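Everything on this sheet refers to the single structure shown next.
All values derive from a computational prediction rather than experimental measurement. Every heavy atom of this structure was used, including side-chain atoms; hydrogens, water molecules and symmetry mates were not.
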Amino acid sequence: MNIIVIGGGAAGLMAAGTAAENGAQVTLLETNEKVGRKLFITGKGRCNVCNNCDTQGVLQNVPVNPRFLYSALGCFSPADVMAFFENRGVPLKTERGNRVFPVSDKAADIIDALFTWIKHTGVKIVHETAEELELADGRVTGVRAGGRVWTADRVIVATGGVSYPQTGSTGDGYRFAKQAGHAIVPPNGSLVPLVTPGGCEALMGLSLRNVQVTVFENNKKIWSDFGEMLFTHFGLSGPLILSASAHMRHFGSKGYHIEIDLKPALDEKTLDKRLLSDFDQHKNSDFINALGGLLPRKIIPEVIRLSGIDPRAKVNGITKAQRAALLHTLKHFLVVVSGKRPVAEAIVTTGGVVVKEVNPKTMASKKCSGLYFAGEVLDVDAYTGGFNLQIAWSTGRLAGLSAAQQEEG
């Protein structure tokens with residue numbers, strides 16, 4: 001069995017190694033000089049390998065087409081992923097939110113393990129850009145790349161989405177899928193910075209740690225979590241915001257805003273006591289000079305603006321109602337969100353090959369014999385926490401196994 005895998009990312013490497021391990025002759029076409037380039041930047045360079053949960057836990061974190069993944073996760077679960085890497089000399093650890101990382105905190109260790117494995121299984125790596133599929137009589141017969149045709153019995157497309165194009169994710173997989181008769185859900189960014197009306201110039205560069213962010217869709221609360229975020233010239237970024245963005249999927253038809261609890265460790269009663277104590281120390285000061293012990297300097301003018309209190313009012317003249325308004329602002333700092341940054345800035349692409357045209361038990365195309373798909377090129381994506389890489393490992397594993405079988409997938 002002669003198999004070509006297009007794309008040397010997480011899904012492609014897993015598919016190539018698996019197919020080779022199961023007796024196939026495998027050629028991996030990769031544009032970049034090195035495989036796994038996008039893996040280098042996952043988890044801030046630490047590589048959030050997967051999530052230490054069961055299959056159901058993964059599916060609960062997949063908002064788009066989770067049912068499509070049942071067979072893939074059954075074939076290669078989070079426990080299987082962890083065993084795979086540990087058996088290849090990469091000790092793993094589980095952190096907050098069940099996120100799994102290499103003990104070394106180095107994504108390079110994951111890539112090295114994959115690279116050593118595929119070389120050991122006999123995968124031939126060719127650094128050429130796939131240009132188009134070769135098709136004949138309703139089946140794929142090879143791939144045109146580097147000015148020549150590479151013939152194949154089966155082709156696995158694992159080209160990723162369109163996020164981070166500098167890593168080679170240029171959307172070519174969608175073009176190959178269309179060539180073979182597949183429909184594509186238009187790609188959009190998920191896990192991407194957010195844009196606010198007019199940007200956040202006054203707060204640009206301010207990083208907030210240990211805050212709680214709550215997302216509202218048409219004034220209905222849809223998601224909340226704790227962590228770190230950043231104000232930018234265009235709006236909002238940082239780990240919490242990227243996670244929040246995955247839940248904001250209907251810009252244009254629905255309105256979104258977020259509320260930031262600037263002091264989540266203090267309930268309102270405790271925070272009010274803190275305010276009274278601070279006010280007592282600054283009773284003869286202007287209000288704008290009384291919040292330095294409570295908040296970062298940069299955010300104080302904005303908090304005061306939202307509270308509606310005159311910044312030059314004397315602290316000893318602030319009423320109970322004004323203090324209540326300040327308290328509400330501290331616990332519900334409001335930011336309207338108008339959209340997302342371009343998909344090229346996203347960590348993950350939502351959209352891709354329509355999954356009803358792909359056999360979920362094999363990852364084989366229902367439109368073109370001998371063609372398989374794996375990873376982000378499919379219209380399946382998840383929230384942060386290692387779930388997107390899990391999808392890549394699982395679909396890659398299943399595609400590789402299925403393509404290597406003599407029977408058509």
Tell me which donor-acceptor pairs under 3.5 Å the side chains of residues 194-209 have, and how far apart each pair is, sequence neighbours excluded?
{"unit_1": "Thr196", "atom_1": "OG1", "unit_2": "Gly199", "atom_2": "O", "d": "3.4"}
{"unit_1": "Arg209", "atom_1": "NH1", "unit_2": "Glu228", "atom_2": "OE1", "d": "3.3"}

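- Taking 4.0 Å as the cut-off between side-chain N and carboxylate O, Glu217 and Lys220 do not count as a salt-bridged pair.
- For Trp393 (side chain) and Val49 (main-chain N/O), a donor-acceptor pair under 3.5 Å exists by modelled atom type.
- Considering all non-hydrogen atoms of both residues, Leu240 and Trp223 come closest at O-CH2, 3.7 Å.
- When all heavy atoms are compared, the tightest approach of Phe373 to Val358 is CD1-CG2, 3.9 Å.
- In this structure, the side chain of Arg88 engages the main chain of Phe84 through a donor-acceptor pair within 3.5 Å.
- Across every non-hydrogen atom of Met363 and Ala72, the tightest pair is CE-CB, 4.2 Å.
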| Pair Glu132-Arg144, salt bridge (Lys or Arg N to Asp or Glu O under 4.0 Å): steps then yes or no | CA-CA 5 Å; Glu132 61 181 359; Arg144 182 174 289 278; 3.7 Å; yes
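- Judged by the 6.0 Å distance and 45° axis criteria, Arg341 is positioned over the aromatic ring of Phe234.
- The six-membered or imidazole ring of Tyr383 lies near that of His247, with a centre-to-centre distance under 6.0 Å.
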| request: Assess whether side-chain contact (heavy atoms from CB on, under 4.5 Å) is satisfied between Ser307 and Gln322, documenting all intermediate values. | output: CA-CA 8 Å; Ser307 74; Gln322 287 176 316; over 6 Å; no
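- Summarising the geometry, atom CG belonging to Asn289 is positioned 8.5 Å from atom NZ belonging to Lys314; distances are rounded to the nearest 0.5 Å.
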| query | Going through the distances and angles, do Asp172 and Thr159 end up as a side-chain hydrogen bond (donor to acceptor under 3.5 Å, both in side chains)? | reply | CA-CA 7 Å; Asp172 285 347; Thr159 49; over 6 Å; no
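- The shortest non-hydrogen separation linking Gln179 to Leu135 is O-CD1, 3.4 Å.
- For Arg154 (side chain) and Gly400 (main-chain N/O), no donor-acceptor pair under 3.5 Å exists by modelled atom type.
- Judged by distance alone, the side chain of Arg397 and the main-chain N or O of Ser77 form no donor-acceptor pair under 3.5 Å.
- A donor-acceptor contact shorter than 3.5 Å is absent between the side chain of Glu345 and the backbone of Pro193.
- Pairs of residues two or more places apart, or lying in two chains, that qualify as side-chain hydrogen bond (donor to acceptor under 3.5 Å, both in side chains) and include a residue from residues 59-74 are Asn65-Asp379.
- Taking 4.5 Å as the limit, some side-chain heavy atom of Cys75 sits within range of a side-chain heavy atom of Leu401.
- At a threshold of 4.0 Å, the pair Asp272-Lys269 does not count as salt-bridged, since none of the basic side-chain nitrogens sits closer than that to a carboxylate oxygen.
- With hydrogens and angles disregarded, a donor-acceptor distance shorter than 3.5 Å links the side chain of Thr116 to the backbone of Asp112.
- When atom types are taken as modelled, the side chain of Asp267 and the backbone of Thr270 share a donor-acceptor pair closer than 3.5 angstrom.
- In this structure a side-chain-to-backbone donor-acceptor pair under 3.5 Å is present from Lys263 to Leu294.
- In this structure, the side chain of Asn48 engages the main chain of Val100 through a donor-acceptor pair within 3.5 Å.
- A distance-only check finds a donor-acceptor pair linking the side chain of Ser245 to the backbone of Leu242 [under 3.5 Å].
- When every heavy atom of Ala382 is checked against every heavy atom of Ile391, the shortest pair comes out as CB-CD1, 4.0 Å.
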